[in-house]
Amino acid sequence: LNRWKQWFYSKAEDIDEDEEFFSAAFKFSQIEKFRHGDNPKTWKKLFPPALRTLMVHAILEDARYSKPKSDFSNSHQKGVSRLLKKNTYDMFFALHDGRYKRSGEPEFGPDGERCQLFESWARWSNALKPQPINRIRFYFGEKISYYFAFLGFYTTWLVVPGVVGLFVLLYGMATIHEQTDISELCNANITMCGICSVCDKWELSSVCVPYKVGWVFDNPATVFYALFMSFWATMFIEYWKRTENTFAYDWDVRSFHETEPQRPQFRFTDLRPHPVTGRLQRFESHWKRYRRYVVSLATILTMLSLVLLSVVGIILFRLVVQRALFDSTSGSVQKNSAALTAVIAALLSLFMIMGVWTPLYNIVAHRLTDWENHETQSNYDHHLTIKIFLFQFVNYYSTMVYVAFFKGQFTGVPGDYNKFFGHRQDECPEYGCLFELTIQLAIIMVGKQVIDNCQELLLPKFLSWAALREAHNNPIRGGKLLTTWEAQSHLVNYPELGLFWEYLEMVLQYGFVTLFVASFPLAPLLALLNNVIEIRLDAKKLLRNLQRPFGQRAESIGVWLPIIRSISVLAVITNGFVIGFTSSFIPKQVYAIRFGSLAGYIDASFPRSPVLAGASANDNEVDCHYRGFRNAQGEQTSLHFEVMMARFAFVIVFQNVVFLVRYVVAFVVPDMPTSVNLDIQREDYQAKLAFEKALYGDTQKDMDVGAVHDVALREMSTLC
């Protein structure tokens, strides 16, 4: 695993960072004590490029361009961001370091850091080479580096579940012809009742092919894979926390906390001293903000309700489409009407998700978060992240939840079918709902990844090309070449939310990989292939198509780790119920244990309709069969109750075993590697010695360090 990790990220690159140094607040009067500070010729190396852009941004945000009208004026006349909001300036961005392609011509000068990073990272030829994480940090800062470190770590960890999932699929394909129930169904002489009130009866053997395909995804190996993925998610989170803490130590951002400035858009009603610095700062009543939170919550719940109503609409659409397909004159369409309905419904769901609800809710979420008037940018980002993720979670997974846990559970029996808006309730096809869940998951997951990658690849390139073409054709220029800053001004603006959408894309993908992986073992492999491409697409976008972002520091991936942890916990629950209630694994095992084999399983699973001739106006409910463990009178048999007991028992055992292992792993695997923990203790010890020397000089060198530390604290408190 350690060797595989080097495929996607490495910590050692040739950027002169082999030695270890302590970090301290910079003072020009002490410049000779800082690295590269002893020689004026090397002062340009004092700060890496990302930190220089961060310093420039901080200076310009703190610059006051006019005096406020009063102490309580909301127009505080400070910072370049406010000038951008007032359209005083068109744009504000950091310049990239030269060209992204090698010039090969001496008059253009040596290749800059941007070009070196593009050559060693963004090219497709580097797809299976280590990511230069330290170079990325050197050029873009810690916040962007954490994203690519996480993406590389996550991609690496997908290798094993991707391979295992492929073997699960191959096992299902290899054992198709050995299954007694498949042989019985394909040779059955069973006439099924119509799937709707006016649909004709049909032969069960006509779904032989879909039933075989269903076995490929619904076999005993699937149970093992669901258990394996639950353990995998636990290990992934625990080892990412270790990796994250290692990077935080290596990059000197461990326990990084800064006094975050207030947002220029923050509206205030009073001035009060800051609880830490004591400086006067703008203030707004918390009660006003809480009232806004209540309104925002009501709006969010309303939007989520609309999404659920759209799911209801898709369910009705499925009923109409399946009826129309079953009435088709084509025999192949009739045989595969259930599978075709699932495909059409999944495509409609994908369109509603990405074409209608996502753009609409993004506008609503942004306006609500703006209206809530958050004081700092981190609070603003946190609340916006929760809003959009909650909506996207419901948006993408609601139809899957319906197919997995609700479809076919309340259909009734011939002669007493339950109605839904005048239509007979949708029921699982004869090969089970798990294969339909597979279709739903595959189309939405793959479709989303293809659309997102096309947008990331084509849209920024087209916008940059169009802007540069317009600039070159501008008659005012008279054919002159664009300067560096003019050319980069026509690049696409770096998104206001930074890497939010990239993180959201990966977290939603993590949900596809874990929440319903029991129905689609190929999900990790497809995610792996997508992420190998995603890393290079994001690298090209940052270096070639987007304006350079200002450097930002960070100590972790932020709120996304708790979200991933929550998804992992929910995945244990969903996979347990998918195997227990959606899969046919439990009914087959109970039947095999009770009767010694699966011989007769198909006959027991499809009893004869209890409707007698002349007792119903619908001929398609007479002298036919339907799905369920029932007797001739339509009553549930003892086998049905045994299966239900086994289902609940499996879910309880599955979840408790996985959660127990999760707690054990979390306890055994420390969040901080031992080597890093020892290095931190050594640094703390050296800091105490330095403090002792500065306070007492060499006369106290024989005194115990702990005692000196206590004395020093008392002395400082006395002086204060």
Side-chain angles (χ1 to χ4, degrees), residues 5 8-11 17 23 48 50-51 54 131-157 233-261 374 376-386 388-389 495 497-511 514 531 534-535 538 542 549-569 662 665-666 669-677 679-680 683-684:
K5 287 195 296 185
F8 298 101
Y9 70 87
S10 65
K11 295 185 294 182
E17 288 197 358
S23 299
L51 188 55
L54 174 63
Q131 286 192 91
I133 291 297
N134 274 337
R135 280 195 177 277
I136 299 170
R137 172 193 169 228
F138 187 75
Y139 191 76
F140 288 114
E142 287 81 7
K143 196 165 189 178
I144 290 179
S145 300
Y146 263 119
Y147 164 72
F148 284 102
F150 170 78
L151 181 54
F153 183 89
Y154 169 50
T155 303
T156 305
W157 274 69
T234 301
M235 301 295 290
F236 168 75
I237 292 175
E238 293 302 321
Y239 277 90
W240 166 249
K241 288 191 292 186
R242 291 168 59 86
T243 303
E244 187 179 67
N245 287 327
T246 301
F247 279 121
Y249 172 75
D250 290 341
W251 295 344
D252 289 326
V253 291
R254 184 175 58 91
S255 301
F256 169 72
H257 300 289
E258 60 181 352
T259 304
E260 190 175 3
H374 294 286
T376 62
Q377 189 63 38
S378 61
N379 284 339
Y380 179 92
D381 294 343
H382 177 80
H383 283 79
L384 183 63
T385 298
I386 296 300
I388 295 182
F389 173 76
L497 296 179
L499 294 169
F500 172 84
W501 297 109
E502 280 73 17
Y503 271 117
L504 180 63
E505 180 183 352
M506 288 299 104
V507 170
L508 288 175
Q509 183 199 87
Y510 182 80
T514 56
N531 291 357
E534 180 76 22
I535 291 174
D538 287 342
L542 280 172
F550 290 95
Q552 289 180 288
R553 306 202 79 190
E555 62 175 334
S556 66
I557 63 174
V559 70
W560 296 106
L561 183 58
I563 291 176
I564 292 172
R565 187 184 297 116
S566 301
I567 292 176
S568 299
V569 172
R662 284 177 60 89
V665 170
V669 180
D671 293 345
M672 186 77 70
T674 304
S675 58
V676 174
N677 198 25
D679 288 339
I680 292 172
E683 285 191 5
D684 292 341

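We count residues from 1, following the sequence as given. Both backbone and side-chain heavy atoms feed into the values below; hydrogens, waters and symmetry mates do not.
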Thr234 meets the side-chain hydrogen bond (donor to acceptor under 3.5 Å, both in side chains) criterion, sequence neighbours left out, with Arg662

Sorted by chain and residue number, the side-chain hydrogen bond (donor to acceptor under 3.5 Å, both in side chains) partners of Ser556 (sequence neighbours excluded) come out as none

Side chain proximity check, Val559 to Tyr503, heavy atoms < 4.5 angstrom:
no

Looking at side-chain heavy atoms only, is the closest gap between Ile564 and Ile567 below 4.5 Å? no

task: Verify, without hydrogens or angle tests, whether Asn245 (side chain) and Asp671 (backbone) share a donor-acceptor contact under 3.5 angstrom.
output: yes

Rounded to the nearest 0.5 Å, what's the gap from [atom1] on [X] to [atom2] on [Y]? Could you check?
{"X": "Thr155", "Y": "Met506", "atom1": "OG1", "atom2": "CE", "answer": "7.0 Å"}
{"X": "Asp679", "Y": "Tyr249", "atom1": "CG", "atom2": "OH", "answer": "4.0 Å"}
{"X": "Ile388", "Y": "Leu504", "atom1": "CD1", "atom2": "CG", "answer": "7.5 Å"}
{"X": "Phe138", "Y": "Ile133", "atom1": "CZ", "atom2": "CD1", "answer": "15.0 Å"}

task = Step by step, work out the side chain to side chain contact (heavy atoms under 4.5 Å, CB included) result for Lys241 and Arg565.
result = CA-CA 11 Å; Lys241 288 191 292 186; Arg565 187 184 297 116; 3.9 Å; yes

For Glu502, the salt bridge (Lys or Arg N to Asp or Glu O under 4.0 Å) test, sequence neighbours excluded, returns Lys541

Original post:
Under the side chain to side chain contact (heavy atoms under 4.5 Å, CB included) criterion, do Ile563 and Tyr510 qualify, and how do the steps go?
Top reply: CA-CA 10 Å; Ile563 291 176; Tyr510 182 80; over 6 Å; no

Can you list, pair by pair, the side-chain donor-acceptor contacts under 3.5 Å of residues 141-152, counting residues two or more places apart and other chains?
| unit_1 | atom_1 | unit_2 | atom_2 | d |
| --- | --- | --- | --- | --- |
| Glu142 | OE2 | Arg137 | NE | 3.1 |
| Ser145 | OG | Arg137 | N | 2.9 |
| Ser145 | OG | Gly141 | O | 2.8 |
| Tyr146 | OH | Glu244 | O | 3.4 |
| Tyr146 | OH | Ala248 | N | 3.2 |
| Tyr146 | OH | Glu555 | O | 3.1 |
| Tyr147 | OH | Asp538 | OD2 | 2.6 |

Q) For the ring pair Trp560 and Phe500, is the centre-to-centre distance below 6.0 Å? A) yes

TODO: Assert yes or no for the condition that the ring centre distance of Phe236 to Trp240 is strictly below 6.0 Å.
DONE: no

Nearest heavy-atom approach of Glu238 to Val669 is OE1-O, 3.9 Å

Scanning both residues in full, the closest heavy-atom pair of Gly551 with Leu54 reads O-CD1, 3.1 Å

Sequence neighbours excluded, the answer for ring pair (Phe, Tyr, Trp, His ring centres under 6.0 Å) partners of Phe389 is Phe393

Those residues at least two apart in sequence (or on a different chain) that pass ring pair (Phe, Tyr, Trp, His ring centres under 6.0 Å) with Phe140 are none

Given the rule in the side chain to side chain contact (heavy atoms under 4.5 Å, CB included) test, do Arg242 and Val676 qualify, once you have shown the distances and angles that lead to the verdict? CA-CA 10 Å; Arg242 291 168 59 86; Val676 174; over 6 Å; no

